[in-house]
Amino acid sequence: MRFSLKILLWTIIVMALALGFSGFYFVNYVFETSLEREVGQAMDESSILGFAFETAALSVPAKYSVLPDNTVEEIAANLERGGQSTGRLLRISDEEKNVLYASDGFEMDDELLMQTREDIKTYRIIQVEDAYYVHTGTTVNALNRILYLENLKDVSDVFTERAMGFSLYRKVTLIMLFAGILIMQLISSLLTKPVRLLTEATKRMAAGDYAYRAKQISQDELGQLTRDFNSMAEALEKNIEKLEEEIEAKEEFMGAFAHELKTPLTAIIGYADMLRSHKLDEEKSMMSANYIYTEGKRLEAMSLRLLDIIVAGKEEAQLQQVPVELVFDYLKEMFVGSRKMEFHFDYEPGAVLAEINLIKTVLVNLIDNACKASEDGGRIEVSGSASENGYRFAVRDYGIGIPEEEQHKITKAFYMVDKSRARSKNGAGLGLALCVEILKIHNSELEIESEAGEGSCFGFVLAKGGEQE
Ligand code: ADP
């Protein structure tokens, strides 16, 4: 069942109960008050009748010492006629409670008569067919006789008014309920609008429209819910975008990987086929075997690099205090003299928090790239400087540089700005990808500054280690 319908239904139930009870209480209160008034009047009338009877009895001739029955009847008939246009309904009984006179239509049981005693006035409310009466009973003291006088006062109007009151209230209740339903439908629809907007947003998002946001139309709890929902949607959208980017990167990686495998494998298969299907002279056989060997080596190097990247991506940081001298000494030993380059090593003493072999790998890759990008005899500067943020390593060359639009791509696996140049120098586009993974373990990033034709500077900052002894 819809929420707005539930609100509507409960409101109707509460309204119906409230109107029903209040109506019943009100009509009944009016009825009770009127009836009480009528009973009061009936009792007064009963006393007046008794008094009138006693007064009439005073004028009985002196020869009677006791009021005779026929005089009782006479007085009663006079009293009956003296009533309203409809005539009074009364009954007179003697000391033994035998009826002496009864008006036409006064056919009553003796229950009240039996309860009435001298100086005890009684009443009851009775229904005779469709009419209601206040039945009163009193005693009359007339000429040495105690007589019982009963009177009926018609109070049907009070009961009719009550019935009319109930019927009117029922109509009012129905009209109020009908009007209430219309108004509450409007209100509940307005109140639940934020919920409907939220539902719409969830549907749109489930259908793939992650940028869709629910409109906030109120400042209450539902407004807060909409705000929270929208911030959740924001976070979700960002995560989905990230996942999509990751999937795209993986697909790109797979494509590039397949491509990089294909080139050396085609060469290997081609030369191997030549070797087995033709009788080649010694020089050509040697050349073919050499191609197969170098391409095979390239494949081996590539798979080792890939393995390194995967391992680095999963590695837990085992950072230790590393004096920078150790790193620079290693680099000097490795590069100076072995390459036809002009190396300049310049560093401030200090220590870093690092995994020494991984950091050596990063710097070897960067220096290797700098060598590949430079002409023979080119200047390559490797520097280390302490700053407030940490210890910064940098490798600068004055070689071919990298065009600006390429700079953000070169850290992707298998990406090479100039493929044939990179391959001729044994490149596979994996070195910088490995550097990025290693630096991630060190909570650091690769910074690239480069200008085509001017040269490049690759740098990164590591956390400083403690004071050196
Ligand atoms: P590889 O060197 O094996 O090709 P890298 O991931 O180390 O792979 O580098 C990717 C590409 O970035 C290189 O092919 C090259 O085009 C470019 N690059 C890297 N370093 C430099 C540099 N110092 N100067 C110019 N280009 C560079």
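When a ligand or atom number is given, it counts from 1 through the structure's own listing order. All of these numbers come straight from a predicted model, not from anything done at the bench.
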### Query
Is it true that R204 and E200 make a salt bridge, defined as a side-chain N closer than 4.0 Å to a carboxylate O?
yes
### Summary
Within the heavy-atom cut-off of under 4.0 Å, ligand 1 is lined by N369, A370, K372, A373, D397, G401, I402, I410, Y415, M416, V417, A422, G427, A428, G429, L430, G431, L432, S456, F458
### Summary
Note: S374 and M341 closest approach over all heavy atoms is O-CE, 4.0 Å
### Query
What's the shortest heavy-atom distance between Y347 and K332, and which atoms?
CE2-NZ, 4.2 Å
#### Entry: Residues K242, E245: salt bridge by 4.0 Å N-O rule
no
### Task
Could you check if a side-chain atom of Y132 sits within less than 4.5 angstrom of a side-chain atom of V158, using non-hydrogen atoms only?
no
### Task
For F335, enumerate each residue passing the ring pair (Phe, Tyr, Trp, His ring centres under 6.0 Å) test, keeping only those at least two apart in sequence or located in another chain.
F343
